[in-house]
There are 2 protein chains.
Amino acid sequence: MSPRKSVAEARRTRERIVERGVAIASVEGLEGLTIGRLATDLGMSKAGVLGHFGTKQTLQLATLDEAAAVFSRLVWEPARDAQPGLPRLRAICEAWITYLETARDTFPGGCLFTTASIEFDARDGLVRDAVARLFRLWRRRLAGEVRVAVAAGDLPGDTDPEQVAYEMGGLYMALNQEIQLFAAPEAPERTRRALDRLLAPRQDRQDRQDRPA
Amino acid sequence: MSPRKSVAEARRTRERIVERGVAIASVEGLEGLTIGRLATDLGMSKAGVLGHFGTKQTLQLATLDEAAAVFSRLVWEPARDAQPGLPRLRAICEAWITYLETARDTFPGGCLFTTASIEFDARDGLVRDAVARLFRLWRRRLAGEVRVAVAAGDLPGDTDPEQVAYEMGGLYMALNQEIQLFAAPEAPERTRRALDRLLAPRQDRQDRQDRPA
DNA sequence: CCTACCGATCGGTAGG
DNA sequence: CCTACCGATCGGTAGG
């Protein structure tokens, strides 16, 4: 017949496309991710690439899914075994910093979610909805972890978990910019200082005291 | 000869192009800002649009310049008359929030600088350099204002001005996302709460005290 | 400032 | 999974 591959081979090809797609989209955005570029990079035809998805939008959604899976693997899962509450929150924070600092192979252009959020925040459609869903999910998880930390007495009783999660999001966008736009080596340490203030374990302080400058 | 216009008319046309360019780029990004789209929107020919700039890159730089001028007018200038230090810092913060909340005519897709930063942070070239220069300039101004506030005794003596300016940047990116992606009405108030904590006037507090919840 | 054009690339389809 | 194609749009140029 034709050079049609087995189901397993086709799945593996689809994986390769999506992995490459994450890297391209990290640099060029999900709109800048083009079928022609993918085809060239992978030594395939455009029709061969598109055949796995049907439309560019489906390709974008698959790329976002793969990126979210990587993020879970690098940020959420390593913290899973930490004690719920402040210890796990701290573990998530560190994994998040490491993800932004070192996941350059997977995300050579920086955090794909920040890129996608900016790119789609003024549009409608399934991609925008998927991006918003991810940010909401992650904020909910962070806020939940803050809530546990408060209940455990690790954070002040009047802490607003949503507020803390919101501010954490800002710190990570700042860190992403600092790494990508300025290649600033002190950025992770700045982020840690800000997080220490945000997640200060107790109210009996006149300043932070648990980390040296 | 031809429908060539006077110098003043040509300048006015250029202004119209650049103003429209800011609005388009706010939604589509500086790469998504196309000459054809501008021409259609303005009822001109593509060559007529491009003639004012020569290349797309020059158009992008002119668009960024115009956006920076608007930003100065809306954020820096209103605070100019406030007392240097914490009062001026607070005035800048409020103007900044207002800018993100209400400048929808000029920036229908949200803060163009955040968009441009994300879009160009993985590329080289004059546009990237111009974006980086703007962010550096504004951070320097913020840090300078923090320094004045510390010298005036309005902020604790161990305040790190660069750190505060860095965190403020993160808060504004978070606010931009919250407005654009989530249309969250409580976002400005969240930002104010975070800024109050960041710019807490004195260390003799167990928690923030100058704003009611 | 226009018309008329260029080669390149876009997303996508037909047919195998 | 391929070749071969489609109409639309991209940035840019020639010439007036």
Measure [atom1]/[X] against [atom2]/[N] and give the value in whole Å, please.
| X | N | atom1 | atom2 | answer |
| --- | --- | --- | --- | --- |
| A:R11 | D:dC1 | CZ | P | 13 Å |
| A:R14 | D:dC1 | CZ | C1' | 16 Å |
| B:I24 | D:dG11 | CD1 | P | 11 Å |
| A:E31 | D:dT9 | CD | P | 15 Å |
| A:L38 | C:dG11 | CG | C1' | 13 Å |
| B:F53 | D:dG11 | CZ | C1' | 15 Å |
| B:E28 | D:dG11 | CD | P | 12 Å |
| A:L33 | C:dC10 | CG | C1' | 13 Å |

Out of [options], which nucleotide sits closest to the side chain of [X]?
| X | options | result |
| --- | --- | --- |
| B:H52 | C:dC1, D:dC2, D:dC1 | C:dC1 |
| A:L50 | C:dG12, D:dT13, C:dC1 | C:dG12 |
| A:K46 | D:dC10, D:dC2, C:dG11 | C:dG11 |

Q) Please walk me through it: do B:R197 and A:E167 pass salt bridge (Lys or Arg N to Asp or Glu O under 4.0 Å)? A) CA-CA 11 Å; B:R197 228 171 35 82; A:E167 295 190 34; 2.9 Å; yes
Q) Side-chain N or O of B:S45 less than 4.0 angstrom from OP1 or OP2 on C:dC1? A)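 No, no such contact exists.
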Q | A:T55 vs C:dG12: side-chain N/O to OP1/OP2 distance below 4.0 Å | A | no
Q. Reckon B:I35 touches a base, only the sugar-phosphate, or nothing at all at heavy-atom distances under 4.0 Å?
A.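 Sugar-phosphate only.
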Q) Between B:W138 and B:F113, what is the ring plane arrangement, given parallel below 30°, perpendicular above 60°, and tilted in between? A)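 Because their plane-to-plane angle is over 60°, the rings of B:W138 and B:F113 count as perpendicular.
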Q.
Tell me whether A:E178 contacts the main-chain N or O of A:A184 through its side chain, where contact means a donor paired with an acceptor under 3.5 Å.
A.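 Such a contact is absent between A:E178 side chain and A:A184 backbone.
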Q.
So does A:E9 get a backbone contact from the side chain of A:T13, meaning a donor-acceptor N/O pair under 3.5 Å?
A.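 Checking the backbone N and O of A:E9 against the side chain of A:T13, a donor-acceptor pair under 3.5 Å is found.
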Q | Assigned partner base of C:dG15, Watson-Crick or wobble definition, under 3.5 Å | A |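 The base-pairing partner of C:dG15, which may sit in any strand shown, is D:dC2.
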Q) Would you say the side chain of A:K56 and the base of C:dG12 hold a donor-acceptor pair, judged only by whether the two atoms sit under 3.5 Å apart? A) no
Q. Is the distance between the ring centroids of B:Y99 and B:W76 under 6.0 Å?
A.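 No - the distance between ring centres of B:Y99 and B:W76 does not fall below the 6.0 Å cut-off.
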Q. 5'-most contact on DNA chain C: A:G54 or A:G36, nearest heavy atom basis?
A.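 Looking at DNA chain C, the more 5' nearest nucleotide goes with A:G36.
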